[in-house]
Amino acid sequence: MKTSRSRERTWRRAALAVLLTAGTLTAVAPGAHAQAARTESPVTTSAPADGVVESVVRVKVPLPASFGARPAACDWLSYLRYRSLAGPAASADADRVLLAQPGILEGAGAFDSVARNTVARAAEQGSHIEFWALDRRSNCLEDRTGIASGDQHTSVDYYYRGKQVAGRTFDGYVGNDRLGWMAKLGIAQTVRDEYDLLAAELPDQEVRRNKVLCGGHSLGGVITGYFATADFDGDRTTTADAGHNQCAGYFALDTTVSTSLGDLSGSIPDDTNLPDIGLGYGVVQAGLDSGVLSRTLSAPVLLNPETMTLLAIAGLGAVDAPDGEADLPRYLPANVNIEATNRFLFSKDTATFLSGTPAVKDFRLTNAAVLGALMDDNSVPLAFLQSSVGLFDGGPVADKNFPVANGGDAQPALFGTEYKAIPDRPHGPLYTWRNYDRIGDPDDPGHRSADGTPFTGAGKEVTDIRELARSLAQQPLDFTEQYFPTKLVTDLQLSTSPQVKGLVVHPEGLTANPTLTVLAGDGLLAGRVPADLHPVIADGYQHLDVLTAAPVQNNGQPEPTSTNLARFARSPR
């Protein structure tokens, strides 16, 4: 209790420090230049005391009139700003600024752990850096009112039962008919947004050139590649505006800095199938403009705004009472989306999926176990959603052989290759969650598959489920991305079309600056490591672990992603 109160006092001091720095919501920009259309607000979470302060920054950068009607909130760009409490208040005075682009279906909140760890690690070494986790413009459509209440039942009531929270009623998820402006939200506007935000926050190009490290996670590496090769003033003979001259270096987290989807193409969700049907750029654009093609990457079940919201709701329970018995599966209303998603994620085999029995409601699970079932690499079958947070405990488990069998190699890029486990006693014991740092302890039951293969080991577990829950539930900018622009994917799939190829004005930009590549040992590029990049390999990591891993690993060593980012930030240009 004493430790908890001490941490609370530290959080309050940190929040106060940000308030004193930012003043009112309309603040002086980090570059120390006056700008009226900018807000900065402190973020208070239950993060461990680490000398890092966080704020959410919003800068007004209106879209061109050609985009048409859109919500007023979508004329603003947002990011999470992490900095050392002992460092300078103005970003321009920081030693370095790391600017991170999120991956597919990913928001700024996903960077919470790696951002904190990197800033803290650099401060330990005498360097005061900042980490800016970007939100894509389309995240302006998300309504986090229910999540911000901090209560799981209140959230469900807000999103599903029409109950007001803070005087607001949920308007429902935004349909394709209201997303016409997103038909134009592709790679060109995405990199333009990054440039405009940088120029607004750090108006001195020499500061950007010497202090900013540009990078991203997953698809964010490809976006960084396009940024590095872009020209922003329409005159290729002038290069001060070129993307590579806004950065002192690049970093890639389980990805590469490139202008091709390359090895990532088989590892990310895609409901467009453009290579198969052979549509050209003009036809695809016409389909997006008319609404014949979905303007967001969304499926009827499993991957859509509603299911993305459910991850944050599950995170609330794991923050508030991780060891308490969960009632979320029973408190949620029954609808086709939730039912089908639960069957896909919590079915032991095909027969269970088809019959719906036993269902997740038939098991006793703690709140942490619910979140683990949704996010852990030994449970969730989608590789791009996987992190390594531990394993079920408290009762016997069985092989989860749906949608692919354990030990098989069917579509490993999409489903991953880790053996999946599932609770095996409906209406039985309370299944708890054994956190990453308790795997391999003397009391660990050491669950094994039917073929004798251990489901996991200490070297395979790297992320603290409590930190993951906090990142999902307590960030003002979402961990996930509810409305991912389809055009961003189709542009990259059609990268050889003149309209997209023409965006690569300075191809030399890809190699103009030093690059740090950190790859997850068991992530999307496992077995396909580009050796010429001399990457750092984070052993045992899954795709999300490069963002979510705990600061100290089970081997007693510091977390490698943040350690190498901090070292890279200290390197001379």
Side-chain angles (χ1 to χ4, degrees), residues 102-106 109-114 117 216-221 252-256 263-264 266-269 303 311 315 345 368 371-392 400 403-404 406-409 411-421 433-437 439-440 453-469 471-472 479-480 517-529 535-551 553-555 559-562 564:
I104 197 165
L105 297 173
E106 192 172 272
F111 289 95
D112 182 54
S113 289
V114 71
N117 294 344
H217 173 242
S218 192
L219 192 71
L253 306 180
D254 208 34
T255 184
T256 59
D263 289 329
L264 289 177
S267 309
I268 58 178
L303 295 174
L311 290 177
L345 295 177
L371 182 59
L374 294 171
M375 299 290 290
D376 186 65
D377 59 337
N378 297 116
S379 182
V380 67
L382 298 174
F384 67 94
L385 278 176
Q386 293 175 354
S387 55
S388 306
V389 292
L391 195 67
F392 293 108
K400 177 175 165 53
V404 293
N406 278 339
D409 59 358
Q411 301 185 56
L414 182 59
F415 293 115
T417 57
E418 298 300 318
Y419 276 51
K420 306 297 186 291
W433 190 259
R434 181 169 287 266
N435 204 6
Y436 87 106
D437 56 351
I439 297 296
T453 303
F455 282 110
T456 190
K460 290 277 193 176
E461 302 299 333
V462 303
T463 291
D464 188 330
I465 196 165
R466 296 163 300 191
E467 290 188 25
L468 178 63
S471 297
L472 282 162
F479 186 109
T480 55
T517 302
V518 180
L519 299 181
D522 296 328
L524 300 187
L525 296 176
R528 298 172 290 163
V529 175
V536 173
I537 307 297
D539 292 331
Y541 278 41
Q542 295 293 341
H543 187 53
L544 283 182
D545 288 324
V546 295
L547 305 183
T548 61
Q553 294 294 285
N554 282 330
N555 59 8
E559 193 281 312
T561 306
S562 54
N564 282 279

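From a predicted model like this one, the values you see are computed outputs, not experimental measurements.
- Distance CD1/Ile439 to CG/Asn554: 8.5 Å, rounded to 0.5 Å.
- The line from CG of Leu547 to OH of Tyr541 is 10.5 Å long, rounded to the nearest 0.5 Å.
- The shortest heavy-atom contact between Asn564 and Pro560 is ND2-O, 2.8 Å.
- For the residue pair Glu106 and Leu544, the shortest heavy atom distance occurs at OE1-CD2, 3.7 Å.
- Between Val114 and Val546, every side-chain heavy-atom pair lies at or beyond the 4.5 Å cut-off.
- Looking at Gln553, its side chain never comes within 3.5 Å of a backbone N or O of Asn555 through a donor-acceptor pair.
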Problem set entry | Thr463 vs Met375, side-chain contact (heavy atoms from CB on, under 4.5 Å): CA-CA, chis, key distance, verdict | CA-CA 11 Å; Thr463 291; Met375 299 290 290; over 6 Å; no
For this session: Could you give me the CA-CA distance, side-chain angles and deciding distance for Asn406 and Lys420, then say whether side-chain contact (heavy atoms from CB on, under 4.5 Å) is met?
Result: CA-CA 7 Å; Asn406 278 339; Lys420 306 297 186 291; 3.8 Å; yes
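- The heavy-atom pair separating Gly109 from Ser471 by the smallest distance is O-CB, 3.9 Å.
- Contact between Gly315 and Ala469 at its shortest, heavy atoms only, is O-CB, 3.7 Å.
- Applying the salt bridge (Lys or Arg N to Asp or Glu O under 4.0 Å) definition to pairs two or more places apart or across chains, none involves residues 377-391.
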For this session: Might you work through the side-chain contact (heavy atoms from CB on, under 4.5 Å) test for Leu468 and Tyr436, ending with a clear yes or no?
Result: CA-CA 11 Å; Leu468 178 63; Tyr436 87 106; over 6 Å; no
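- With Asn435 contributing its side chain and Asp437 its backbone, the two residues share no donor-acceptor pair below 3.5 Å.
- Nearest heavy-atom pair, Leu524 versus Ala383, reported as atom, atom and distance to 0.1 Å: CD2-CB, 3.9 Å.
- If you take CZ on Phe384 and CD1 on Ile104, they are separated by 7.5 Å, rounding to the nearest 0.5 Å.
- Here the straight-line distance linking atom CD of Gln542 with atom OG1 of Thr417 works out to 7.0 Å at 0.5 Å rounding.
- Here Lys460 pairs with Glu418, Asp522 under the side-chain hydrogen bond (donor to acceptor under 3.5 Å, both in side chains) rule; sequence neighbours left out.
- Identified under the side-chain hydrogen bond (donor to acceptor under 3.5 Å, both in side chains) test for residues 378-387, with sequence neighbours left out: none.
- For the pair Ala421 and Phe392, the tightest heavy-atom approach, listed with the atom from each and the gap, is O-CE1, 3.6 Å.
- The backbone N or O of Glu461 sits nowhere less than 3.5 Å from a side-chain atom of Ser388 that would complete a donor-acceptor pair.
- When atom types are taken as modelled, the side chain of Asp376 and the backbone of Leu391 share no donor-acceptor pair closer than 3.5 angstrom.
- Annotation: the span from Arg434 atom CZ to Thr456 atom OG1 amounts to 11.5 Å, rounded to 0.5 Å.
- Asn117 places a side-chain N or O within donor-acceptor distance of the main-chain N or O of Ala549, the cut-off being under 3.5 Å.
- A donor-acceptor pair under 3.5 Å is formed between the side chain of Asp254 and the backbone N or O of Ala520.
- When side chains are defined from C-beta on, Pro551 does not count as touching Ser562, because their heavy atoms never get closer than 4.5 Å.
- Here the CG-OG1 distance, from Asp112 to Thr548, works out to 10.5 Å after rounding to the nearest 0.5 Å.
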For this session: Starting from the C-alpha separation in whole Å, work towards a yes-or-no answer on side-chain contact (heavy atoms from CB on, under 4.5 Å) for Ile465 and Trp433.
Result: CA-CA 9 Å; Ile465 196 165; Trp433 190 259; 3.6 Å; yes
